[in-house]
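Below is one structure, written out as structure tokens, with a few remarks after it.
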Amino acid sequence: MASIPRLYVEQPLGKGQSVTLSRDHAHYLFGVMRRGTGDAVELFNGTDGEWTCSVAEVGKKAGVLQCDTQSKPQQSPPDLWLMFAPIKKSRTDFIVEKAAEMGAARIMPVATDFTNSERLRQDRLQAHAVEAAEQCGGTFVPPVDELTKLDTVLDTWPQDRALMFCDEARVGQDLSLPDLSGPWAIVIGPEGGFSDRERRTLHDMPNAHAVALGPRILRADTAVVAAMALWQQKLGDW
């Protein structure tokens, strides 16, 4: 049995709702997947859950679907932000994809003192987050922010949000996290690590908690997966 295509759309979803397809979605469904009138398609928009829809109109550059039944309720992730310093293009893409799959509520690229990549296409990374949600069965797509300086983010840090500071200087030390409920964020440094100044700033924040990620220094993309797994196991929705 062929799998049912699954797409993210920005229109409202509900019983009997008609959804007009974009040109790209129409090409994918009718040109690539060879779907036709009456065939099933799963849609989600990040707020209304997942809906099983049927193809009502087929066109080369457009099409219309009709929502039939809700197949999943809306499932929002825990209130966890991920901050990371961009690295090489393909590995930055990997970070965004895995963060979306693992339940980040917001993805925040930050420029640190040792960040090598100063250019970032936010729209391309947002598309990767959408694709990850489509493929993993999620009903939420985390927003991907524009690249912002770490100092700027920390200067206006909300006092009620705890911060998991993944400090490579603590390699081999305690892995534990405090059992604090509520909003959290994870911050991962660049390939060169945090500067001494940044490390002091983070250690001085009253709601920051420095942790190690095991006995070895991890690559930045590996560190993101390890940190999110640690947080999810201790405080998240696993």
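Atom-to-atom distance recorded for Glu57:CD and Thr37:OG1 is 8.5 Å, nearest 0.5 angstrom. For the atom pair OG1 (Thr139) and CH2 (Trp51), the distance works out to 13.0 Å, reported to the nearest 0.5 Å. The distance from atom CZ of Phe30 to atom NZ of Lys60, rounded to the nearest 0.5 Å, is 13.5 Å. Expressed to the nearest 0.5 Å, how far CG of Asp93 lies from NZ of Lys88 amounts to 13.5 Å. We find the CG-OG1 distance between Leu147 and Thr92 to be 10.0 Å, quoted to the nearest 0.5 Å.
In this model, no donor atom of one side chain and acceptor atom of the other lie less than 3.5 Å apart for Ser22 and Asp24. When only modelled atom types and interatomic distance are considered, Ser54 and Asp68 share a side-chain donor-acceptor pair under 3.5 Å. A donor atom on one side chain and an acceptor atom on the other are found under 3.5 Å apart for Ser71 and Glu50.
Here the shortest heavy-atom pairing between Ala99 and Ile107 reads CB-CD1, 3.8 Å. Residues Leu213 and Ala227 approach most closely at CD2-CA, 4.0 Å, considering heavy atoms. Residues Pro5 and Met33 come closest through the heavy atom pair CG-CE, 4.3 Å. When every heavy atom of Glu101 is checked against every heavy atom of Ala132, the shortest pair comes out as CG-CB, 4.1 Å. The heavy-atom pair separating Ile186 from Cys166 by the smallest distance is CG2-SG, 4.1 Å. The two residues Leu177 and Lys234 make their nearest non-hydrogen contact at O-CE, 3.2 Å.
Put simply, the side chain of Asn207 reaches to within 4.5 Å of the side chain of Trp157, judged on heavy atoms. Considering only heavy atoms from C-beta on, Trp184 stays 4.5 Å or farther from Pro78 through its side chain. Using a 4.5 Å heavy-atom threshold, the side chains of Asp160 and Pro183 count as touching. Taking the side chain as every heavy atom from C-beta outward, Leu7 and Leu29 approach each other to under 4.5 Å. In this structure, the side chains of Ile87 and Ile95 come closer than 4.5 Å at one or more pairs of heavy atoms. In this structure the side chain of His27 reaches within 4.5 angstrom of the side chain of Val32, judged on heavy atoms. When side chains are defined from C-beta on, Asp167 does not count as touching Val211, because their heavy atoms never get closer than 4.5 Å. Residues Lys15 and Cys67 have side chains not in contact (no heavy-atom distance under 4.5 Å, counting atoms from C-beta outward).
Contact check on Arg91 versus Glu191 returns a salt bridge, with a Lys/Arg side-chain nitrogen under 4.0 Å from an Asp/Glu carboxylate oxygen. Salt bridge present: Arg197 and Asp151 bring a charged side-chain N and a carboxylate O closer than 4.0 Å. Remark: Asp196 engages Arg199 in a salt bridge, criterion side-chain N to carboxylate O under 4.0 Å.
Ring centers of Phe194 and Phe114: at least 6.0 Å apart, outside the cut-off.
In this structure, Arg6 is positioned above the aromatic face of Phe44, its NZ or CZ under 6.0 Å from the six-membered ring centre and within 45° of the axis. Geometrically, Arg161 engages Trp81 in a cation-pi contact, judged by NZ or CZ lying under 6.0 Å from the ring centre and within 45° of the ring axis.
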